[in-house]
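Structure first, commentary second.
Note that these values count all heavy atoms, side chains included, but never hydrogens, waters or copies made by symmetry.
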Amino acid sequence: DFTGGALIQVRFEEPVNTAALRNSLARIGKENAQIQSLGAMKNEYIIRAAGEDPGGFANSVKEILAEDFPDNEKEFLREDTVEPKIGKELLIKTIWAVVIALMLILIYVSFRFDYRFGTAAVIALFHDALFTIGVLVLTQREFSIVVVGAILTIIGYSINDSIVISDRIREKYTKMRRESYNVILNTGLNETLSRTILTVGTTLLAVIALLVFGGSVIADFAFTLLVGFIIGTYSSIFILANIVSVWEERFPKKRK
């Protein structure tokens, strides 16, 4: 999606070795094509080549696979193309979308609560996005526009948790002025903990259902949400409050 090129997704009836598949592509000069295996069965692959004519690329791949795997039934699920210029535009727009989303969140949370909570919330969101992208890299998932949409969804979900927790901490701050700041933070976290766990638990049930029954088309989207919701809940509880706590210890605010 971001570099431009042609893509074809194929499903074999029987498992196929990635090395054998690459050897077949080498016969048509496509040995440098990206080959991504989907699932544990090793029978479904995404083949991507940069800067290729989609029609010619798809036809040549179909012909060589028919020759090299004549007894293995094949189903071609998808044929896509993205021009390099469009891919560059998508990348720039994606970066702007993430940056603008984070800036607006920082402004809103800082105005609604406190600049410390706003800054801590954005740091936690960066953590969520980077951790999720890291898991996608480790599991060799396709990074597409759909996955970017999932990451933006994670950011929105995570900031919702952060706002609920921040609101409860602010409420306790006005009622527990004689207590230390860490006691106030812990009280606010503990009172919202059951709500947070129940909310993410029910959400994960829906995401797991999408991952299990949704098929390969939305598998990357559902997997990204699954990882992001878990790490987003973790960051809202353990990262946001700890950043604010350390900030308060080093630069305490004057209580009115």
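Formation of a donor-acceptor pair under 3.5 Å by the Asn190 side chain with backbone atoms of Asn186 is found in this model. Here the side chain of Tyr108 pairs no donor or acceptor atom with the backbone of Met103 at under 3.5 angstrom. Not a single donor-acceptor pair under 3.5 Å links the side chain of Ser158 to the backbone N or O of Ile154.
Contact detail for Glu13 and Asn72: the closest heavy-atom pair is N-OD1, 3.1 Å. The shortest non-hydrogen separation linking Leu189 to Ala241 is CD1-CB, 3.6 Å. Across all non-hydrogen atoms, the minimal contact from Val244 to Ala120 is CG2-CB, 3.9 Å. Summarising the geometry of Ile159 relative to Ala121, their closest heavy-atom pair is CD1-CB, 3.6 Å, with the distance given to 0.1 Å. Minimum heavy-atom separation, Val200 to Phe229: CG2-O, 3.9 Å. Residue Ile169 comes nearest to Gly188 through the heavy atom pair CG1-CA, 4.1 Å, listed as atom of the first residue, atom of the second, then distance.
Thr196 and Asp161 share no side-chain donor-acceptor pair at under 3.5 Å. With no hydrogens or angles considered, a side-chain donor-acceptor pair links Tyr157 and Thr203 at under 3.5 Å. For the 3.5 Å distance criterion, the side chains of Glu248 and Asn182 fail to qualify, holding no donor opposite an acceptor.
You'll find the ring centres of Trp247 and Phe117 outside the 6.0 Å limit.
The line from CD1 of Ile243 to CZ of Arg116 is 12.5 Å long, rounded to the nearest 0.5 Å. The distance from atom CZ of Arg170 to atom CD1 of Ile163, rounded to the nearest 0.5 Å, is 10.5 Å. Atom CZ of residue Arg27 and atom CG of residue Asp68 lie 4.5 Å apart, to the nearest 0.5 angstrom. Taking OG of Ser162 as the reference point, atom CG of Leu125 lies at 6.0 Å (rounded to 0.5 Å).
The local environment of CZ in Phe69 is crowded, with over 12 non-hydrogen atoms from other residues, nucleotides or ligands closer than 6.0 Å. Counting heavy atoms of neighbouring residues, nucleotides and ligands inside a 6.0 Å radius, atom CD of Glu73 does not exceed 12 of them.
The only member of Leu193, Thr199, Leu198 that meets side-chain contact (heavy atoms from CB on, under 4.5 Å) when paired with Arg195 is Thr199.
Cluster membership check: Phe238 shares its hydrophobic cluster with Val183, using side-chain heavy-atom separations under 4.5 Å among Ile, Leu, Val, Met, Phe, Trp and Tyr. Note on Phe126 and Ile107: separate hydrophobic clusters, where clusters join Ile, Leu, Val, Met, Phe, Trp and Tyr whose side-chain heavy atoms are under 4.5 Å apart, directly or indirectly. In this structure, Ile230 is not a member of the same hydrophobic cluster as Val164, with clusters built from ILVMFWY side-chain heavy atoms closer than 4.5 Å. Residues Phe12 and Phe76 fall within the same hydrophobic cluster, defined by Ile, Leu, Val, Met, Phe, Trp and Tyr side chains chained together at heavy-atom separations under 4.5 Å. One hydrophobic cluster, built from ILVMFWY side chains closer than 4.5 Å, holds both Ile28 and Ile8.
Both tests pass for Arg141 against the ring of Phe223: distance under 6.0 Å to the centre and angle within 45° of the axis.
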Open item on the list: Run the salt bridge (Lys or Arg N to Asp or Glu O under 4.0 Å) test on Lys172 and Glu179 for me, step by step, so that the C-alpha distance in whole Å, both residues' side-chain angles and the decisive distance to 0.1 Å come before the verdict.
Closed with: CA-CA 10 Å; Lys172 292 300 172 183; Glu179 301 291 343; over 6 Å; no
